Structures are given as structure tokens and as C-alpha cells.
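The structure appears right after this line, and notes come after that.
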Amino acid sequence: MIRLRLYTTLGCHLCEQLEAVLATLCAECYRLEQVEISEDEGLVAHYGVRIPVLVDEVGQELDRGMEPDRLAAWLAARGWLDETAWQQLQQQLSGEPSPGVTKRAAKGATLRGGRRYLG
């Protein structure tokens, strides 16, 4: 099991986004330690404008890991990327239907990036 650390703060929606993408893309079992930066002035000074910051076991950091392509590259460099999940996520983000899936939108609605928008 790999051990990861996430520098975060309460209510950080970008941190929540990173956690969701990590759960989707990581092929390995992992333990995620969340470090609350607001309780330590030194951590706030170091990570305050950079969160979320994901750190691997050897201390290598990933800033802005909530961006799926950055997280996928970081995981791939360590051999931890679930390639199939990454391909599926890329299709969803581009609005392309997965093979064998037909997407229909309600009348007057359009699909963009896998989401339905009413016209």
C-alpha cells in the first residue's frame, strides 16, 4: 500500500476534487493522510496558495493535482496510473460517449463535457 499526504484546509473544494480524481485514477491501494495547514503558520506560509498539494512517500510534491492531466502524469511517472480509468475520464471530460453508450439530451439541452445544459 502506498502512503500519500495531502496538504489541505477545511472546505477546500479543489482538495475534494483532487481526492475524487485520485480515487478514480490510482491503480494502487493507498492511504491518504490529510494535513490541515490552517493550524500551523509555517504550513500556511508554505502551502497556503498552493493547495491542494499531494506528496508521495519520498517527498515529491504535486501542486494543482486537481487538474486530471497533471495528476495522471504524476501517477504514471510512479507506475500508479489506471490507464483504463484515465482513458474513460478523458472521454468524459471531452464529452465523447464511451464505446457502446448512446447519450441523449432532453429537448433543448446540449451535452458538453459529459454534463447536460438546458438551452
Side-chain angles (χ1 to χ4, degrees):
M1 176 177 293
I2 57 177
R3 297 175 64 115
L4 302 172
R5 182 175 298 133
L6 175 63
Y7 289 94
T8 184
T9 194
L10 184 63
C12 175
H13 70 282
L14 298 175
C15 300
E16 292 170 4
Q17 184 178 336
L18 180 140
E19 287 184 67
V21 176
L22 178 64
T24 299
L25 296 183
C26 190
E28 302 295 322
C29 292
Y30 63 91
R31 179 170 181 259
L32 184 64
E33 173 192 1
Q34 295 184 353
V35 178
E36 173 60 48
I37 67 167
S38 68
E39 298 169 359
D40 182 306
E41 288 182 27
L43 292 177
V44 170
H46 189 70
Y47 292 108
V49 297
R50 298 173 47 210
I51 61 170
V53 178
L54 188 62
V55 183
D56 68 11
E57 296 169 314
V58 295
Q60 294 182 332
E61 297 181 349
L62 171 67
D63 293 348
R64 298 184 324 272
M66 71 287 185
E67 298 172 5
D69 56 335
R70 292 177 51 76
L71 180 58
W74 192 81
L75 292 171
R78 289 154 181 77
W80 301 338
L81 179 64
D82 181 331
E83 295 286 347
T84 302
W86 175 226
Q87 290 172 1
Q88 291 172 347
L89 182 59
Q90 286 177 303
Q91 287 175 343
Q92 290 174 358
L93 294 173
S94 70
E96 296 176 24
S98 298
V101 175
T102 303
K103 290 187 176 182
R104 295 178 57 195
K107 186 175 181 178
T110 58
L111 290 174
R112 291 191 311 265
R115 296 179 185 237
R116 185 176 70 180
Y117 294 89
L118 299 176

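Values below: every heavy atom of this structure, side chains too, minus hydrogens, waters and symmetry copies. Please read these numbers as outputs of a predicted model, since none were measured by experiment.
Salt bridge R5/E33: present, at least one basic N to carboxylate O contact under 4.0 Å. Between R78 and E28, no side-chain nitrogen of the basic residue sits less than 4.0 Å from a carboxylate oxygen of the acidic one, so the salt-bridge criterion is not met.
Linking Ile, Leu, Val, Met, Phe, Trp and Tyr whenever their side-chain heavy atoms come within less than 4.5 Å leaves I51 and M66 in two separate clusters. Both L32 and L14 are part of a single hydrophobic cluster, where members link through side-chain heavy atoms under 4.5 Å apart. No continuous path of ILVMFWY side-chain contacts below 4.5 Å connects L18 to V53, so the two sit in separate hydrophobic clusters.
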When you look at E61 and R50, which way does the side chain to side chain contact (heavy atoms under 4.5 Å, CB included) test go after all the steps?
CA-CA 11 Å; E61 297 181 349; R50 298 173 47 210; 2.5 Å; yes

Under the side chain to side chain contact (heavy atoms under 4.5 Å, CB included) rule, what do Y47 and D40 come out as? Steps first, then yes or no, please.
CA-CA 10 Å; Y47 292 108; D40 182 306; over 6 Å; no

Derivation and outcome, side chain to side chain contact (heavy atoms under 4.5 Å, CB included), residues D82 and T24
CA-CA 8 Å; D82 181 331; T24 299; over 6 Å; no

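Cation-pi geometry between R70 and W74 is not met: the NZ or CZ atom fails to fall both under 6.0 Å from the ring centre and inside 45° of the normal.
Summarising the geometry, atom CH2 belonging to W80 is positioned 5.0 Å from atom CG belonging to D56; distances are rounded to the nearest 0.5 Å. Note that CG of L93 is 12.0 Å distant from CD of Q88, once rounded to the nearest 0.5 Å. Q60 contributes atom CD, which lies 11.5 Å from atom CG of L54 (distance to the nearest 0.5 angstrom). Taking CG from L62 and CD from E67, the interatomic distance works out to 9.0 Å, rounded to the nearest 0.5 Å. To the nearest 0.5 Å, atoms CG (D69) and CZ (R64) are separated by 9.5 Å.
No donor-acceptor contact under 3.5 angstrom links the side chains of E57 and Y30, judged on distance only. No side-chain N or O of T8 forms a donor-acceptor pair with one of E36 less than 3.5 Å apart.
Nearest heavy atom pair, residue R3 against residue R31, reads NH2-NH1, 2.9 Å. For the pair I2 and C26, the tightest heavy-atom approach, listed with the atom from each and the gap, is CD1-SG, 4.0 Å. Taking all atoms of both residues into account, the shortest heavy-atom contact from P68 to L25 is O-CD1, 4.2 Å. Nearest heavy-atom pair, I37 versus V44, reported as atom, atom and distance to 0.1 Å: O-CG2, 3.0 Å.
A heavy-atom distance below 4.5 Å is found between the side chains of L75 and L22.
At distances below 3.5 Å, not a single donor-acceptor pair connects side-chain atoms of Q34 with backbone N or O atoms of L6.
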